[in-house]
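A short write-up of the structure that comes next.
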Amino acid sequence: VPYYFDHNATTPIAPPVLAAWTETAAEIFGNASSIHHFGQRAKQRLESARRSVATLLGATAREIVFTSGGTESDNLAIFGAVRASQRRGKHVITTAIEHPAVLNACAQLARQDASVTIIPVGASCETGFELLRSS
Ligand SMILES: Cc1ncc(COP(=O)(O)O)c(C=O)c1O
């Protein structure tokens with residue numbers, strides 16, 4: 001029997017999620033930005049999902065942003081955080097073992113005018129806490 005341990009990369013979909021997704025994809029296919037009935041139905045489903053996620057996380061619906069995947073989320077978080085705090089300076093600290101999407105975003109910031117510190121991680125996964133403290 002094969003066992004799947006790579007949940008870091010992707011996970012099997014939970015049956016209730018699959019059921020909700022299948023129903024939505026099949027029946028609520030409108031573009032949520034459209035003003036017609038089909039679009040407004042999709043918008044209602046989207047906003048309902050946003051409220052559910054917000055409740056689960058103890059957040060407000062306005063704080064929930066759905067993205068298309070990991071790279072887009074990384075870019076939104078990293079470029080957004082730097083932009084939001086640029087008055088305090090542009091210094092990004094990351095580790096050498098982050099996903100390439102994170103490291104590529106940091107490399108892009110370094111090519112602009114940000115300073116980027118990449119904390120090395122040893123074979124036993126200990127990070128350079130001294131370097132982190134002094135960064
Ligand atoms: C931190 C991180 N960023 C980006 C990705 C890539 O995600 P996507 O293929 O959805 O862009 C992954 C995938 O595992 C990830 O873990």
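Quick note: numbers below take in every heavy atom, side chains included, and nothing from hydrogens, waters or symmetry partners. Note that ligands are numbered from 1 as they come in the structure, with each ligand's atoms numbered from 1 the same way.
A heavy-atom distance below 4.5 Å is not found between the side chains of T24 and F29.
Heavy-atom minimum distance, I28 versus R45: CD1-NH2, 3.3 Å.
Using a 4.0 Å cut-off between charged nitrogen and carboxylate oxygen, R51 and E47 do not count as a salt-bridge pair. A salt bridge is absent between E63 and R50; no separation between the charged side-chain nitrogens and carboxylate oxygens falls under 4.0 Å.
Considering only residues two or more places apart in sequence or on other chains, H7 meets the ring pair (Phe, Tyr, Trp, His ring centres under 6.0 Å) condition with Y4.
For ligand 1, the 4.0 Å heavy-atom shell contains residues G69, G70, T71, D74, H99, A101.
Remark: the Q108 side chain and the R111 side chain contain an N/O donor-acceptor pair separated by less than 3.5 Å.
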